Student: 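I'd like to ask some things about the structure below.
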Amino acid sequence: PVSGFVRPGTQSGRPGTMEQAIKTPRTAHTARPVTSASGRYVRLGTASMLSEPDGPFINPAQLNLSNYAARPGLNKVLFDYLFYHENDIRNSLELAALATQATKYDDWWWKQQLGKCYYRLGLYRDAEKQFQSALKQQATVDNYLYLAKVYIKLDQPLAALELFEKGMEAFPGEISLIVGSARVHEGLGDLETSVKFYKKVFNYDASCVEAIACIGTHNFYSDMPEIALRSFRRLLQMGVGNTELYNNIGLCCFYAQQYDMSLTCFERAINLASKENIADVWYNIGHVAIGIGDSNLAYQSFQLALISDNNHAEAYNNLAVLEMRKGGLSSPGLTSSQQSASTRSSTSHITTCPFCLKDRVILTPASRKSASL
């Protein structure tokens with residue numbers, strides 16, 4: 001050393017990992033490990049939290065959850081790690097139950113976590129009790145959203161709507177509650193009321209992607225493709241560029257008689273498509289080709305849709321229509337396509353008559369921001 005003598009602790013240097021800290025002597029005069037003297041004051045269960053290079057950060061099987069449940073500075077962090085990172089619902093539920101008992105049932109946060117664990121386990125009635133108890137102690141937006149989600153799982157949409165109304169009275173202008181109510185109305189088939197709630201969102205957030213997409217969908221199916229095109233173009237200006245959006249813009253341009261833009265948007269949709277949605281894009285291109293009178297392009301598009309997804313009943317049905325136009329009712333291609341369509345239409349709910357040319361719009365509104373369980 002530069003100073004001429006060895007100071008305590010200078011031989012080992014600073015440990016880089018937990019394992020080195022355990023094995024390294026505390027001073028230069030003793031071989032006792034760091035955890036046996038001053039290190040014990042900062043030790044948080046060294047044996048259970050010692051991580052391996054390729055192993056988990058914490059081994060939940062070696063944790064004594066009863067010890068951690070009574071430590072306010074550590075129990076919530078440990079619960080979040082077990083619940084969200086490790087997806088260990090059993091240990092998360094045990095830790096939440098012990099922590100609830102340690103707080104003498106006065107902490108609403110732990111009741112909310114118990115409800116989340118019960119929800120993940122499918123125990124919806126138990127989750128309902130925990131969320132209701134948490135809501136009585138502390139009215140938060142998350143508690144309203146979680147409890148409404150439980151009611152939807154229990155097939156009680158009216159109870160969920162009533163809860164959303166109470167939440168909007170307690171938290172006026174909360175977008176997640178307004179959007180949640182709009183979704184429930186949409187699921188009940190009350191589209192007019194659903195659109196009213198989505199329009200109400202614009203009073204507080206004019207850039208809500210879900211509200212813009214759903215209103216565009218409603219306008220498209222209300223025979224207003226020009227107005228729907230404005231909504232989808234707004235999403236494009238906001239930076240939302242995916243297969244579904246370009247596909248919807250292409251269909252709106254087609255029904256608005258902007259055929260050049262329609263084909264350009266479908267070309268962009270194909271470039272961005274994945275294996276899950278490319279069949280729908282080819283199906284819509286085939287429908288556009290039928291509209292402009294290009295039967296060859298339609299035939300090839302439906303075939304490409306079937307190559308991408310062999311269970312696409314609508315493509316089978318429309319391909320059978322084209323086969324009938326080309327070769328008559330006795331065409332073997334018509335027979336095979338109609339049989340394939342009839343066997344697959346049980347999941348798609350489409351009529352398999354030989355004159356059904358049905359358009360299809362891929363509309364998957366962007367990420368619905370709600371409390372995820």
Side-chain angles (χ1 to χ4, degrees), residues 18 42-52 54-157 159-160 162-164 166-167 170-171 174 176-177 179-180 183-184 187 367-373:
M18 178 71 75
V42 297
R43 185 167 67 93
L44 303 177
T46 310
S48 61
M49 302 184 71
L50 180 60
S51 60
E52 300 177 359
D54 298 328
F57 175 68
I58 297 176
N59 188 0
Q62 298 180 2
L63 292 176
N64 188 355
L65 297 178
S66 59
N67 293 337
Y68 295 101
R71 305 180 64 174
L74 189 61
N75 51 11
K76 294 183 178 181
V77 178
L78 181 59
F79 176 86
D80 289 339
Y81 177 82
L82 295 176
F83 187 83
Y84 293 107
H85 186 272
E86 294 294 327
N87 197 25
D88 190 350
I89 308 302
R90 184 181 64 83
N91 286 322
S92 300
L93 178 61
E94 182 180 356
L95 178 61
L98 293 173
T100 305
Q101 295 176 1
T103 57
K104 298 180 180 179
Y105 305 95
D106 292 332
D107 194 343
W108 64 270
W109 191 87
W110 282 113
K111 294 182 180 180
Q112 184 187 93
Q113 310 314 310
L114 277 173
K116 290 161 64 175
C117 293
Y118 285 134
Y119 182 91
R120 292 284 293 272
L121 294 173
L123 303 174
Y124 301 125
R125 288 299 181 184
D126 294 332
E128 178 187 4
K129 295 178 182 178
Q130 296 297 330
F131 288 137
Q132 287 177 345
S133 178
L135 194 59
K136 289 179 181 179
Q137 290 186 349
Q138 182 69 34
T140 63
V141 177
D142 286 344
N143 285 332
Y144 280 108
L145 293 175
Y146 287 135
L147 186 56
K149 199 169 184 179
V150 171
Y151 284 142
I152 293 174
K153 282 291 185 179
L154 293 174
D155 196 16
Q156 299 178 7
E162 183 180 357
L163 185 65
F164 280 128
K166 294 180 181 179
F171 300 94
E174 179 58 39
S176 58
L177 296 173
V179 171
R183 293 177 194 161
V184 177
S367 57
R368 299 192 167 189
K369 298 179 180 179
S370 64
S372 59
L373 291 173

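Numbers here simply count residues along the sequence, with the first being 1. Fair warning: this is a prediction, and the values are worked out from it, not measured in the lab.
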Student: State, with a plain yes or no, whether a side-chain heavy atom of Asp107 is found less than 4.5 Å away from one of Thr100.
Tutor: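 Side chain of Asp107 against side chain of Thr100, heavy atoms only: no contact under 4.5 Å found.
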
Student: Would you say the side chain of Ile152 lies within less than 4.5 Å of the side chain of Arg183, judging by non-hydrogen atoms?
Tutor: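 Of all side-chain heavy-atom pairs linking Ile152 with Arg183, none is under 4.5 Å.
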
Student: Would you call Leu63 and Leu78 a side-chain contact if the rule is heavy atoms closer than 4.5 Å?
Tutor: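 Leu63 reaches Leu78 side chain to side chain.
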
Student: What heavy-atom pair brings Ala127 and Gly115 nearest, and what distance separates the two atoms?
Tutor: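 Shortest heavy-atom contact: CB-O, 3.4 Å.
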
Student: In the structure I gave you, are the side-chain heavy atoms of Phe164 and Leu145 within less than 4.5 Å of one another anywhere?
Tutor: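 The answer is yes, as the side chains (C-beta and beyond) meet within the 4.5 Å cut-off.
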
Student: Locate the shortest heavy-atom distance separating Leu98 from Ala69; write the atom from each residue and the value.
Tutor: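 Heavy atoms of Leu98 and Ala69 come nearest at CB-CB, 3.6 Å.
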
Student: Is it true that, when you exclude Lys76 itself, more than 12 heavy atoms of the residues, nucleotides or ligands shown sit nearer than 6.0 Å to its NZ?
Tutor: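 It does: Lys76 NZ has more than 12 such atoms within range.
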
Student: Tell me, with the steps shown, if Asn87 and Arg120 meet side-chain contact (heavy atoms from CB on, under 4.5 Å).
Tutor: CA-CA 10 Å; Asn87 197 25; Arg120 292 284 293 272; 2.3 Å; yes

Student: When rounded to the nearest 0.5 angstrom, what distance separates OH in Tyr81 from CG in Asp88?
Tutor: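 If I round to the nearest 0.5 Å, the distance is 10.0 Å.
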
Student: Can you tell me how far apart NZ (Lys111) and NZ (Lys136) are? Round to the nearest 0.5 Å.
Tutor: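 Reported to 0.5 Å precision, the distance equals 9.0 Å.
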
Student: For residues Ser176 and Val141, report the shortest heavy-atom separation together with the two atoms involved.
Tutor: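 Of all heavy-atom pairs spanning Ser176 and Val141, the closest is OG-CG1, 3.5 Å.
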
Student: Does the Gln113 side chain pair with the main chain of Ser92, one donor and one acceptor, at a distance under 3.5 Å?
Tutor: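 Not confirmed, Gln113 side chain does not pair with Ser92 backbone.
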
Student: Under the criterion side-chain contact (heavy atoms from CB on, under 4.5 Å), I'd like the reasoning laid out for Phe79 against Cys117: C-alpha separation, chi angles, the key distance, then a yes or no.
Tutor: CA-CA 11 Å; Phe79 176 86; Cys117 293; 3.9 Å; yes

Student: Please give me the minimum heavy-atom distance between Asn75 and Leu95, naming the atom from each residue.
Tutor: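 For Asn75 and Leu95, the tightest heavy-atom pair comes out as O-CD2, 3.8 Å.
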
Student: Under 3.5 Å, is there a donor-acceptor pair between the Lys129 and Gln132 side chains?
Tutor: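 No donor-acceptor contact under 3.5 Å links the two side chains.
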
Student: Once you round to the nearest 0.5 Å, how far does OG1 of Thr103 lie from CH2 of Trp109?
Tutor: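 That separation rounds to 11.0 Å.
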
Student: Could you tell me the separation between the CG atom of Leu123 and the CG atom of Leu114, rounded to the nearest 0.5 Å?
Tutor: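 So the gap between those two atoms works out to 11.5 Å.
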
Student: For a side-chain contact (heavy atoms from CB on, under 4.5 Å) check, start with the C-alpha distance between Arg125 and Leu154, then their side-chain angles and the critical distance, and finish with the verdict.
Tutor: CA-CA 8 Å; Arg125 288 299 181 184; Leu154 293 174; 3.7 Å; yes

Student: Determine the minimum heavy-atom distance between Pro72 and Ala70, stating which atoms define it.
Tutor: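 Heavy atoms only, the tightest pair is CD-O, 3.3 Å.
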
Student: Return the CG to OG1 distance between Leu135 and Thr140, rounded to the nearest 0.5 Å.
Tutor: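 One finds 7.0 Å between CG of Leu135 and OG1 of Thr140.
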
Student: In Å, rounded to the nearest 0.5 Å, how long is the span from CG of Leu163 to CG of Leu147?
Tutor: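 One gets 5.0 Å once the value is rounded to the nearest 0.5 Å.
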
Student: Classify the ring geometry of Tyr146 against Phe131: parallel below 30°, tilted from 30° to 60°, perpendicular beyond 60°.
Tutor: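 Plane angle under 30°, so parallel.
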
Student: Minimum heavy-atom separation for Trp108 and Ala134, please, with both atom names.
Tutor: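 For Trp108 and Ala134, the tightest heavy-atom pair comes out as O-CB, 3.7 Å.
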
Student: Hey, do the aromatic rings of Tyr124 and Tyr118 have their centres closer than 6.0 Å?
Tutor: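 No: the rings miss the under 6.0 Å criterion.
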
Student: Hey, are the side chains of Lys153 and Tyr119 touching, using non-hydrogen atoms and a 4.5 Å cut-off?
Tutor: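 A side-chain contact exists here, since the closest heavy-atom pair is under 4.5 Å.
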
